[in-house]
Amino acid sequence: MYTLGFAGVAKNTGKTTTALAVLQLAQADGLRLALTSIGYDGEDRDNVTGLPKPRYALPVGCLVASAQRCLQVSPAGLNLLHNTGIATILGPVLIAEVTRPGLVLLAGPNQQTQIEALLKQFAALKAELCLLDGALNRLTPLAAADGLLLSTGAAFNEDAAQLIDHAAALTSLFRLSAPPASLETAADRGSLLSAQAAEQLIQTLPHSDNHILLSGAAAPQHCLTVQQALCRPLHWSFANPLRMIAAGDPRSWRDFIAQVRAAGGDVHTLRPLPLHALTLNPFYPRYLPAAGRYEAACLPAAELLQQARLRLPDELPVLDLHQQGAAALRPHLPFLKRN
Amino acid sequence: MTTVLLAPLDPVHDNAIKLLRRKLEAAGYTALTMPPGVTEEEVIALALQERPAAILVSRTLGYKVAETLGHLVDLAEAAGLRPSTRLGVGGMAITQETGAELGFDGCFVGALNMDEVIAFIEGRPQQARQQTAEAAPRPKPDLTEGFTYAFRDEKIARLLDSITEQLLEWVKDKQSPGIERARLRAELLTETNPNSRAALLERYLSFCDAEIQSFYRQGKLPSGVRRLEAEEIARAPQRLNPPMPAFESLRHNRQKPLFFAQYGTGCPIMDAAHVRIAEAWGIDGVLHFDPSWGAQREGLLEGLLTHEHDGTIITFENLHFIRSFMNPATLWNVRGHRGLNTPETQVLAHAAGADLLKINIPYGSTGGGTDPERLAVDGVYSVRLASEFGLPFDIPGNDELSGVPPHKTFAGLLVMVMLGLKLGARPIPKPLLCYSPYMTIEGLMDDNYVDMNVAKLRVWSEIVDAPIWPGEPIGFMTHTPERVQSALTTAIHAALASSCGAAAATIASSDEAYSKGPISGPARVDTLRATREMLRFFGQATISPTPRAAELQAQLHADIRSTLEKIAARGDFVAAIYEGLLGDPSDGLYPGRTGRGSIQTRP
Amino acid sequence: MSAMQHVLDALDLETFLVCQNEAEAKELALNLAAELGLSHADVVFVEQSGLGARVRIRSYIHHPGQGYGWLKEETA
């Protein structure tokens with residue numbers, strides 16, 4: 001079973017649209033599908049902006065893992081298979097198989113370890129492709145996936161140049177290499193989230209050590225403090241790109257990485273995570289103060305896509321699914337048939 | 001000691017956090033708080049250091065706030081905190097769905113509920129806890145508990161003794177069709193043999209009006225009445241038994257008064273819906289109101305019956321149906337204070353699970369429209385039933401609304417109190433908190449509504465140690481069809497009743513004064529919300545009247561005594577009612593006529 | 001089931017009408033109810049002062065004793 005995660009930089013950047021596109025393609029290929037979400041996805045409208053949201057309409061035979069209270073009110077026909085024992089605010093997560101096509105409300109496990117347990121259960125039910133939907137800007141639990149599709153868009157930043165710059169910095173983290181075999185194994189120092197912790201690391205790191213392993217949450221500004229204070233060639237290893245993003249802006253990471261490399265060191269991720277493509281969504285909710293509501297607005301789509309492709313490396317596919325349609329994803333996903 | 005980390009994640013506000021800290025510390029937790037404006041990184045850094053059992057975040061949801069909260073959750077996961085530290089969120093606009101979307105383990109919606117918060121910290125499932133709260137039986141309160149019923153005014157006690165002795169002596173050899181039917185109804189309720197039942201029913205019908213007879217014999221329903229359909233009955237439990245929130249009383253930090261609401265929409269299903277609404281918004285008890293035409297017929301109907309008029313028809317099935325939807329701890333009163341079916345109503349109410357009965361001979365036989373002689377006979381029998389059933393009965397003092405001065409009304413209530421005590425029952429007098437026509441005419445409440453109402457409550461404690469239940473409803477004649485005004489006046493009268501130590505109070509809905517349609521569900525919520533807020537406002541503080549209240553109280557006390565002296569001197573309680581000693585035509589009161597001439601004297 | 005079917009009993013509408021006098025306010029209130037498709041509407045409360053009138057209009061969507069829309073639909 002292949003698990004594909006859908007990560008978004010922010011709300012309304014097009015995660016669900018992207019997931020629906022993959023669902024359509026995988027269904028056409030006849031793959032046995034499984035679906036869950038690390039958050040909650042089921043409203044017709046965004047609960048803040050009031051604007052319409054895409055919904056999951058699932059085909060017969062699709063497996064779904066969602067909280068009991070969500071399945072109880074889902075219009076699709078469902079055959080409950082079993083209780084995963086994972087608790088959420090909306091009740092225990094149950095696995096069901098769709099028996100009559102229709103909408104399903106999703107609220108699945110929200111922690112990586114829970115997701116890993118669920119994926120084993122999906123695999124045992126002979127699922128061939130599991131779609132793991134993200135929630136808002138939450139990324140960390142998606143590390144349970146085998147590969148990712150990343151969505152960004154004007155809902156995150158209406159300034160096209162800044163949006164693209166952020167995307168460039170973000171996607172570069174997925175290209176960090178694993179630590180070379182020649183590098184000495186370092187003690188795991190967990191997280192680095194405060195100036196105090198940074199100071200402690202500066203004081204206690206032996207002069208002979210040239211490898212710092214932080215498998216938890218580390219903020220780039222504190223890593224930078226350490227790098228600048230020690231001022232020597234150091235290798236930094238982090239758990240995966242998603243944990244790095246959780247603790248700091250990718251542009252700060254870019255500055256940090258540049259300094260580490262300038263000092264003769266490098267930055268690694270223990271578990272590289274394949275990023276199959278970046279989807280770019282020109283839509284954003286624009287607030288109308290006089291009317292007291294939001295309306296759907298859009299950056300110039302063709303121009304945005306062109307600028308992004310110029311800026312991002314050629315090997316990373318950058319797609320606007322609204323312009324190009326779902327089929328544009330097909331060549332970039334290894335588990336789909338080649339046309 | 002378990003540590004909990006409290007983070008506002010809000011640029012300015014942290015009131016919720018301060019409140020939570022105080023309450024958690026009181027519950028024995030170490031509560032670490034962070035100032036407003038801290039970042040998600042700072043929260044997680046401190047959590048890594050302190051390893052709390054839970055992080056509780058308070059934040060009002062707005063655009064981009066969701067991302068901040070999502071980021072905190074993500075960071076907690078990245079830092080490896082989640083297996084050991086539970087994440088909870090609460091604040092304006094946070095719903096369970098947003099909590100799930102943000103990836104929190106728990107979500108606190110609405111007012112702060114410490115049981116819920118502690119269950120969450122301890123890792124007990126919230127859903128299960130709520131179910132436990134719903135299922136855990138709440139003790140049913142007893143309004144009369146702690147009252148000795150000792151008379152403090154001995155002169156009044158002597159007068160009442162003489163009046164009630166005469167009344168009891170007078171009814172001794174009297175019989176009424178109402179009493180006959182009550183006895184037969186009690187037998188019908190338990191008789192299962194069809195032949196015996198048919199015979200009992202025939203005897204029952206011999207004491208009934210033609211309209212009631214044709215219902216039983218030809219199945220003819222009174223005009224406008226229909227039977228509930230099987231489908232309606234079958235679906236009602238599904239709709240009317242939702243998971244109910246744990247009971248939250250309206251009283252803030254006081255033990256008294258218990259609050260009652262009246263219902264009687266005409267339809268048992270709608271009544272059940274109204275009762276459930278009132279319960280969900282904190283009512284302690286409800287009173288069943290029946291249609292006035294039911295009181296004017298000899299005999300009661302059977303079955304689940306509905307109609308499109310005020311008051312819900314009294315049948316065993318209707319009463320039992322409505323009771324079946326109530327929380328077992330909700331006190332339930334079925335009124336039977338007037339009309340030709342007074343004794344039978346007590347029998348049915350008791351059989352259906354009533355906790356309180358309602359009986360008042362002087363009011364029922366004047367303002368209530370029933371012949372005094374008839375109601376004296378039926379009323380005494382009803383008080384005997386209350387005693388036999390072990391149920392307290394309340395005595396409404398609503399004749400004041402016709403224009404009767406309070407001393408006359410109260411004299412009548414006192415006669416009923418003494419009658420109840422003599423027969424071994426527990427009476428609860430219900431003086432009105434109102435702006436009655438008498439007060440308007442006499443100008444006794446021109447300055448304020450406080451002094452006279454305080455005098456009317458305090459005078460009771462000078463006379464007898466009994467529970468006082470201002471009814472029915474409080475604030476009568478101060479309500480208008482304006483919703484806010486009406487809710488406010490109910491609430492302020494509730495505060496006054498509470499301030500005066502009343503045992504209970506009956507509150508209206510905010511559309512009480514709208515006469516062209518039935519009371520609505522949302523209007524019930526209006527007054528319950530207003531009352532809750534008003535009692536929160538006052539807490540243990542009390543309302544202080546002007547010195548005029550003491551003068552009014554002294555005058556009232558003296559007038560009650562002189563009224564009772566006149567009644568005692570008359571030597572015939574029923575004649576005293578006919579002759580207007582408890583309120584005459586100049587007070588707007590006339591003796592009732594329904595059932596006149598129906599009393600038989602046994603040889 | 002339409003949202004209207006979920007109304008327990010009465011639907012009240014409160015607003016402020018800019019008008020000359022109470023009679024006009026009442027007429028406007030009833031017209032407003034008719035424009036909104038509320039049948040058998042009644043003016044529960046009207047208070048005219050100065051610029052216009054505060055009004056409360058009521059229409060019973062489900063009158064006690066009749067059938068109730070909220071009872072007909074199966075709960076989820």
Side-chain angles (χ1 to χ4, degrees), chain B residues 224-229 231-243 263-274 276-277 289 291 305-313 479-486 509-526, chain C residues 1-17 19 21-23 25-30 32-34 36 38-76:
Chain B
V225 176
R226 71 171 175 93
R227 290 182 189 279
L228 284 183
E229 287 163 22
E231 207 174 9
E232 292 176 300
I233 299 163
R235 279 190 174 150
Q238 196 182 17
R239 265 289 188 242
L240 301 175
N241 281 325
Y263 72 84
T265 62
C267 171
I269 291 176
M270 188 62 92
D271 282 348
H274 278 225
R276 299 252 79 182
I277 290 171
F289 273 46
L305 304 177
T306 182
H307 67 157
E308 292 178 32
H309 301 284
D310 277 357
T312 303
I313 299 166
H479 301 120
T480 70
E482 207 286 299
R483 191 171 69 91
V484 177
Q485 186 276 343
S486 212
S509 67
S510 70
D511 55 1
E512 175 80 20
Y514 172 63
S515 57
K516 287 197 275 179
I519 281 180
S520 70
R524 289 193 180 281
V525 177
D526 287 347
Chain C
M1 179 159 73
S2 72
M4 199 62 103
Q5 294 302 305
H6 285 266
V7 174
L8 176 76
D9 40 28
L11 177 65
D12 285 9
L13 182 67
E14 288 187 345
T15 191
F16 192 96
L17 295 171
C19 58
N21 53 51
E22 210 159 290
K26 271 189 184 167
E27 194 183 328
L28 285 170
L30 294 175
L32 176 62
L36 291 170
L38 300 176
S39 57
H40 310 294
D42 184 34
V43 180
V44 172
F45 172 76
V46 56
E47 187 169 67
Q48 163 85 26
S49 189
L51 181 68
R54 175 163 145 77
V55 293
R56 181 166 172 219
I57 308 157
R58 170 170 290 191
S59 170
Y60 286 94
I61 307 304
H62 294 119
H63 195 287
Q66 296 175 340
Y68 313 125
W70 46 263
L71 193 62
K72 287 182 183 132
E73 181 81 353
E74 295 290 336
T75 45

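Chain identifiers are assigned alphabetically (A, B, ...) following the order of the sequence lines, protein sequences preceding nucleic acid strands; residue numbering begins at 1 within each chain.
Using a 4.5 Å heavy-atom threshold, the side chains of B:C267 and C:Y68 count as touching.
Contact of B:H274 with chain C is made through the side chain alone, with heavy-atom distances under 4.5 Å. Neither the backbone nor the side chain of B:D271 comes within contact range of chain C, judged by heavy atoms closer than 4.5 Å. B:I277 touches chain C through its side chain: at least one heavy atom from C-beta onward sits under 4.5 Å away, while N, CA, C and O do not. Interface residue B:R226: only side-chain heavy atoms are found under 4.5 Å from chain C. Using a 4.5 Å cut-off between heavy atoms, C:E14 touches chain B through its side chain atoms alone. In this structure, the portions of B:S520 lying under 4.5 Å from any heavy atom of chain C include both its backbone and its side chain.
Looking only at distances, a side-chain donor or acceptor of B:Q485 sits under 3.5 Å from a matching main-chain atom of B:T480.
Partners of B:Y263 under the ring pair (Phe, Tyr, Trp, His ring centres under 6.0 Å) rule, at least two apart in sequence or in another chain, are B:H288. By the ring pair (Phe, Tyr, Trp, His ring centres under 6.0 Å) test, B:F289 pairs with no residue at all, sequence neighbours left out.
B:I269 approaches B:L240 most closely through the heavy-atom pair O-CD1, 3.8 Å.
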